[in-house]
**Q** 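Got a structure for you, questions after.
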Amino acid sequence: MKMEKKIGVPRHVAIIMDGNGRWAKARLMPRSMGHQHGLSRMMGLLEHAYDVGVEYVTVYALSTENLNRPKEELNGLYDLVRNRFLEGIRKICSKGVRLRVIGETELLPQDIQEIIRKAEEETAHFVGREVNVALAYGSRAEIVRAAKDVLAAGEELTEEAIARRLYTRGQPDPDLIIRTGKEKRLSNFLLYQGAYAELYFSDKMFPEFSDADLDEAFAEYARRTRRFGKTDEQL
Ligand code: IPE
Ligand code: IPE
Ligand code: MG
């Protein structure tokens with residue numbers, strides 16, 4: 001993987017990978033095929049993102065709300081994690097990327113918790129590039145848990161104290177949040193960390209969101225002015 005960083009490439013990009021089901025439906029395929037293609041695309045995008053110099057990538061793979069989907073769909077998703085996720089993530093991480101799974105992983109089947117633990121352990125020594133895979137993730141629950149932890153430690157409740165207890169502790173906030181699949185909402189994703197993220201929405205369904213589409217999102221990001229509350233003159 002190349003390490004050189006192009007101008008305007010975000011340091012941390014987060015992706016809401018939406019539209020797998022509709023992509024499949026439009027092709028008269030079962031939703032599970034959409035998830036399969038989505039997982040392959042996720043691996044491709046991760047590789048490309050690190051190639052162009054991104055340091056942190058967070059991908060939204062399963063929300064806590066998604067846990068209420070029909071059993072059949074959920075089991076299909078779990079089978080993907082079992083049979084394809086580990087292999088794919090190993091390949092990406094073998095190039096020096098640290099894996100962090102963020103979310104209420106205790107809500108996932110036991111064997112998947114074990115797969116996650118192993119994969120995280122294998123990559124724990126890598127520094128510089130990281131991937132967060134959000135599984136059974138919900139931002140509100142994350143914030144509440146963090147706040148409770150601060151209070152339980154007898155600390156003062158400050159923005160930094162909360163940030164230090166989020167799943168993303170120690171990482172920079174996302175600079176850019178991309179959502180595929182035509183919807184324009186955050187669906188309980190990185191509400192705290194994304195306070196000043198640039199938002200980018202693509203009409204493409206996730207399985208068809210190409211490396212070139214990611215480049216286009218980065219090009220658009222590079223054209224934005226991030227003011228963080230200041231005036232243009234102050235920048
Ligand atoms: C996103 O695709 C992936 C997951 C939530 C697991 P969807 O499954 O939400 O696809 P659509 O939105 O129904 O097309
Ligand atoms: C958001 O997609 C969650 C993921 C992509 C993992 P959803 O399909 O669950 O979002 P809503 O329900 O349309 O808001
Ligand atoms: Mg969806």
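What's counted below: heavy atoms across the whole structure, side chains too, no hydrogens, waters or symmetry copies. Ligands are counted one by one from 1 in listed order, and the atoms in each one are counted from 1 as well. All values reported here derive from a predicted model rather than from experimental measurement. Numbering starts at 1 and runs along the sequence shown.
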**Q** I need the nearest protein heavy-atom contact for atom 1 (C) of ligand 1: residue, atom name and distance, please.
**A**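 Sorting protein heavy atoms by distance from atom 1 (C) of ligand 1 puts M17 O, 3.0 Å first.
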**Q** How close do L39 and F85 get, counting heavy atoms only, and between which atoms?
**A**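 The pair with the smallest heavy-atom distance is CD2-N, 4.0 Å.
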**Q** For the hydrophobic clusters of this structure (ILVMFWY residues joined by side-chain heavy atoms under 4.5 Å, transitively), does one cluster hold both F206 and M43?
**A**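 Hydrophobic grouping puts F206 with M43.
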**Q** Checking contacts now, so for atom 12 (O) of ligand 2, which I'm interested in, is there any protein heavy atom under 4.0 Å?
**A**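 Flag for atom 12 (O) of ligand 2 set to false, no protein heavy atom closer than 4.0 Å.
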**Q** Is the shortest side-chain heavy-atom distance between I115 and K118 below 4.5 Å?
**A**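 I115 vs K118: side chains apart.
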**Q** Who's the nearest protein heavy-atom neighbour of atom 6 (C) of ligand 1, and how far?
**A**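 Residue, atom and distance for the closest contact: A61 O, 3.3 Å.
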**Q** Pull out every atom of ligand 1 sitting under 4.0 Å from any heavy atom of R22, numbered as shown with elements.
**A**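 Once the distances to R22 are compared, the set is 11 (P), 12 (O), 14 (O).
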**Q** Can you name the one residue among R226, R224, R11 that meets salt bridge (charged side-chain N to carboxylate O under 4.0 Å, His left out) with D175?
**A**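 Single pass found, and it is R226.
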**Q** Which residue supplies the protein heavy atom nearest to atom 9 (O) of ligand 2, what is that atom called, and how far is it?
**A**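 Ranked first by proximity to atom 9 (O) of ligand 2 is N66 ND2, 2.8 Å.
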**Q** Using a 4.5 Å cut-off on heavy atoms from C-beta on, say whether the side chain of Q171 contacts that of E55.
**A**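 Side chain of E55 against side chain of Q171, heavy atoms only: no contact under 4.5 Å found.
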**Q** Quick one: are L46 and V131 in side-chain contact, heavy atoms under 4.5 Å?
**A**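 Counting from C-beta outward, L46 and V131 do come under 4.5 Å.
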**Q** I'd like to check L186 versus L199 (side-chain heavy atoms, cut-off strictly below 4.5 Å). Are they in contact?
**A**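 Yes, side chains in contact.
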**Q** If I compare all heavy atoms of A222 with all of G8, which pair ends up nearest, and what's the gap?
**A**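 Looking at all heavy atoms of both residues, the shortest contact is CB-CA, 3.9 Å.
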**Q** Listing residue and atom name, which protein N/O/S atoms are closer to the Mg ion (ligand 3) than 2.8 Å?
**A**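 Result, waters dropped: D18 OD1.
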**Q** In ligand 2, which numbered atoms sit nearer than 4.0 Å to a non-hydrogen atom of R185?
**A**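 Selected atoms, number and element: 11 (P), 13 (O), 14 (O).
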**Q** Under 4.5 Å between side-chain heavy atoms, hopping through other hydrophobics if needed: is there a path connecting Y137 to V57?
**A**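 No, Y137 does not connect to V57 through the hydrophobic network.
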**Q** Heavy-atom contacts with I16 under 4.0 Å: which atoms of ligand 2 show up? List them by number with element.
**A**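 Matching atoms, with element in brackets: 5 (C).
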**Q** Does the residue G19 have a heavy-atom contact with ligand 1, meaning some pair of atoms that are separated by less than 4.0 Å?
**A**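 Judged by the 4.0 Å heavy-atom criterion, G19 does count as contacting ligand 1.
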**Q** How far is atom 8 (O) of ligand 1 from its nearest protein heavy atom, and which residue and atom is that?
**A**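 Heavy-atom neighbour on the protein nearest atom 8 (O) of ligand 1: R69 NH1, 2.7 Å.
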**Q** Looking at ligand 1, does any of its N/O atoms fall within less than 3.5 Å of an N/O of N20?
**A**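 It does: an N or O of N20 is found under 3.5 Å from an N or O of ligand 1.
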**Q** Run the salt-bridge test on E130 and R98 with the 4.0 Å N-O cut-off and return the result as yes or no.
**A**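 No.
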**Q** Give the atom numbers and elements of ligand 2 that come within less than 4.0 Å of a heavy atom of L62.
**A**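 Counting from 1, the qualifying ligand atoms are 6 (C).
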**Q** Does H35 have a heavy atom less than 4.0 Å from any atom of ligand 1?
**A**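 Judged by the 4.0 Å heavy-atom criterion, H35 does count as contacting ligand 1.
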**Q** Could you find the nearest protein heavy atom to atom 10 (O) of ligand 1 and give me its residue, atom name and distance?
**A**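 Of every protein heavy atom, G21 N, 2.9 Å lies nearest to atom 10 (O) of ligand 1.
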**Q** Could you tell me whether R223 and E216 make a salt bridge, using a distance below 4.0 angstrom between a side-chain N and a carboxylate O?
**A**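 Judged by the 4.0 Å cut-off on N to carboxylate O distance, R223 and E216 do form a salt bridge.
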**Q** Check the hydrophobic clustering (I, L, V, M, F, W, Y; side-chain heavy atoms under 4.5 Å; chains of links allowed) and say if I16 and M205 are grouped together.
**A**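 No.
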**Q** What part of R31, side chain from CB on, backbone N/CA/C/O, both or neither, has a heavy atom under 4.0 Å from ligand 1?
**A**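 Under 4.0 Å from ligand 1, R31 contributes side-chain atoms alone.
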**Q** Would you mind telling me if ligand 2 is within reach of the side chain of R179, the backbone, both or neither, using heavy atoms under 4.0 Å?
**A**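 Side chain only.
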**Q** Just so I know, are the side chains of K25 and M33 near enough to count as touching, which here means a heavy-atom distance under 4.5 Å?
**A**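 Not touching, per the 4.5 Å side-chain cut-off.
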